[in-house]
Amino acid sequence: MRELACVSGVELLMDYLEGVLSPDVRADVDSHVAGCPKCAAFVASYVETPRIFREATATVMPADLPTSLLAFLRAQRRR
Amino acid sequence: MVVETAEPSDETLAARAAAGDDHAFETIVERYQGRVFRLACHLTSDADAPDVLQETFLQVYRRLSSFRGESRFGTWLYSIATNTSLMYRRARARRPAESLEELLPRFDANGVHLGAPDELLVASRVEELLDRQLLAEKARAAIMRLPDAYREAFVLRDLEEMPTADVAQALGVEPATVRQRVHRARLMLRGYLSTLAGVKP
């Protein structure tokens, strides 16, 4: 088995998580991360990043917007 | 007795709306307005989002008859919302592109992570370390700093949680391109969280 460096593993991380790596490359990543506490920490923070941004930026429509949107679209359709 | 409880599918509603059923069209609007508004906030600004919302559904209405079912209706609608957002964004004065390279992970000459495991993990702990309101402001500002192509891919894939294949369809690029852009965006945003916590990426 080839020895993977952290930097190469990081470049493969998205493809790894999306399940598009070939089984042998995937196994290389698995075995590197299993023996590398730095990569284990990096992967954990990488995986958490989208969730943190999703929750921190969650936004809801102003309550009056649906009504004005409908009024706008009805007026446009009557044209 | 069979009671029909299932909501009509998007595609069914789209066909009815294209045939002139206004109620079907308004059901589509109701179903998607919250998501389109959120997308518009992420891709433009809170100030522009209501206009983007109106323009998106106007375009959807006008183009209903051209929806051929080659993609899911939601994907088709998201591509209109994305393109409308980008039109608004391009109409605004652009800030000069900032370098976000310093947010990328750092390695030594052997390709080994710089920084201790604790430091590498810290991005995942910002919610404990930062005030919620501050984190919300910083997170939105960071997304706006991303290069346009990265931001579009990240917003659709990671904030809207669309499958990569659908994001590729909505943006008109290959899935591999989406993965590459989302990856770069995640690396930069992860680095940004690390710096918020006072640690180098």
Side-chain angles (χ1 to χ4, degrees), chain A residues 2-21 28-29 32-79, chain B residues 22 25-26 29-30 33-34 37-38 41-42 46 49-50 53-54 57-58 61-62 105 107 110-127 132 135-140 142-143 154 157-161 164 175-176 179-180 182-184 186-187 189-190 192-194:
Chain A
R2 288 165 294 144
E3 189 48 54
L4 201 74
C6 303
V7 63
S8 314
V10 166
E11 279 317 307
L12 296 170
L13 197 46
M14 179 81 190
D15 289 348
Y16 177 92
L17 293 169
E18 295 250 316
V20 295
L21 288 181
D28 287 347
V29 175
H32 174 82
V33 174
C36 178
K38 290 184 173 192
C39 276
F42 184 88
V43 171
S45 64
Y46 179 94
V47 168
E48 280 288 85
T49 295
R51 183 197 60 74
I52 291 171
F53 273 86
R54 193 160 55 242
E55 293 184 7
T57 62
T59 175
V60 287
M61 257 196 311
D64 56 344
L65 203 50
T67 311
S68 63
L69 174 62
L70 266 196
F72 167 81
L73 291 169
R74 282 177 183 162
Q76 289 290 327
R77 291 206 299 276
R78 277 197 297 272
R79 279 189 171 181
Chain B
D22 284 349
F25 175 66
E26 291 184 357
V29 174
E30 217 169 274
Q33 58 189 359
F37 180 80
R38 199 171 54 201
C41 286
H42 291 318
D46 287 7
L53 183 69
Q54 286 192 345
F57 282 109
L58 188 58
Y61 182 73
R62 287 180 178 158
F107 302 94
N110 298 317
V112 176
H113 278 291
L114 290 174
D118 280 3
E119 296 172 319
L120 289 161
L121 189 62
V122 79
S124 62
R125 297 188 48 230
V126 287
E127 289 155 312
R132 193 189 172 91
L135 178 59
E137 285 165 22
K138 296 284 187 189
R140 298 192 65 166
I143 291 170
F154 177 78
R157 176 67 186 80
D158 281 347
L159 300 187
E160 296 303 316
E161 298 185 273
T164 296
R179 284 194 292 272
Q180 191 252 340
V182 172
H183 177 62
R184 298 287 290 184
R186 286 181 184 175
L187 290 181
L189 294 174
R190 177 201 162 276
Y192 185 80
L193 295 180
S194 300

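Numbers restart at 1 for each chain; the letters A, B, ... are given by sequence-line order, proteins then strands.
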Determine, step by step, whether E18(A) and H183(B) satisfy the side-chain contact (heavy atoms from CB on, under 4.5 Å) criterion, reporting the C-alpha distance in whole Å, the side-chain angles of both residues, the deciding distance to 0.1 Å, and the verdict. CA-CA 11 Å; E18(A) 295 250 316; H183(B) 177 62; over 6 Å; no
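- Looking at Y61(B), only its side chain comes within 4.5 Å of chain A, counting heavy atoms on both sides.
- Heavy atoms of E11(A) lying under 4.5 Å from chain B belong to its backbone as well as its side chain.
- When all heavy atoms of P105(B) and F42(A) are compared, the closest pair comes out as CB-CE1, 3.7 Å.
- With a 4.5 angstrom heavy-atom cutoff, C39(A) touches chain B via backbone and side-chain atoms both.
- The line from CZ of R38(B) to OG1 of T57(A) is 8.5 Å long, rounded to the nearest 0.5 Å.
- Using a 4.5 Å cut-off between heavy atoms, V122(B) does not touch chain A at all.
- When all heavy atoms of P50(A) and L159(B) are compared, the pair lying nearest together is O-CD2, 4.4 Å.
- For the residue pair T49(A) and L193(B), the shortest heavy atom distance occurs at OG1-CD1, 4.1 Å.
- Taking CZ from R77(A) and CD from E26(B), the interatomic distance works out to 4.5 Å, rounded to the nearest 0.5 Å.
- You'll find the side chain of Q76(A) stays beyond 4.5 Å of the side chain of Q54(B), heavy atoms only.
- Between chain B and the options V47(A), L17(A), L70(A), V43(A), the largest number of non-hydrogen pairs under 4.5 Å is found for L70(A).
- Only the backbone of S68(A) comes within contact range of chain B, judged by heavy atoms closer than 4.5 Å.
- The distance from atom CD1 of I52(A) to atom CG of D158(B), rounded to the nearest 0.5 Å, is 12.0 Å.
- Remark: R157(B) CZ to M14(A) CE distance equals 5.0 Å, nearest 0.5 Å.
- For the options Q180(B), R62(B), Q33(B), heavy-atom pairs under 4.5 Å to chain A are most numerous at Q33(B).
- For V112(B), the parts sitting under 4.5 Å from any heavy atom of chain A are the backbone and the side chain alike.
- In this structure, chain A has a heavy atom under 4.5 Å from the side chain of E161(B), while its backbone stays farther away.
- Closest non-hydrogen pair, A142(B) versus F53(A), comes out as CB-CE2, 4.1 Å.
- V60(A) touches chain B through its backbone: at least one of N, CA, C or O sits under 4.5 Å from a heavy atom, while the side chain does not.
- Looking only at heavy-atom pairs under 4.5 Å with chain A, the residue among D46(B), D22(B), V182(B) that has the most is D22(B).
- To the nearest 0.5 Å, atom CG of residue L13(A) and atom CG of residue L187(B) are 8.0 Å apart.
- Formation of a donor-acceptor pair under 3.5 Å by the H113(B) side chain with backbone atoms of P37(A) is not found in this model.
- Listed here is the closest heavy atom pair of L65(A) and P50(B): CD1-CB, 4.0 Å.
- Panel note: side chain R186(B), backbone Y46(A); no donor-acceptor pair is recorded below 3.5 Å.
- Between S45(A) and R190(B), the shortest heavy-atom contact is OG-NE, 2.6 Å.
- Comparing R54(A), E48(A), E55(A) by heavy-atom pairs within less than 4.5 Å of chain B, the highest count is held by R54(A).
- The environment of K138(B) atom NZ is sparse: at most 12 non-hydrogen atoms of other residues, nucleotides or ligands sit within 6.0 angstrom.
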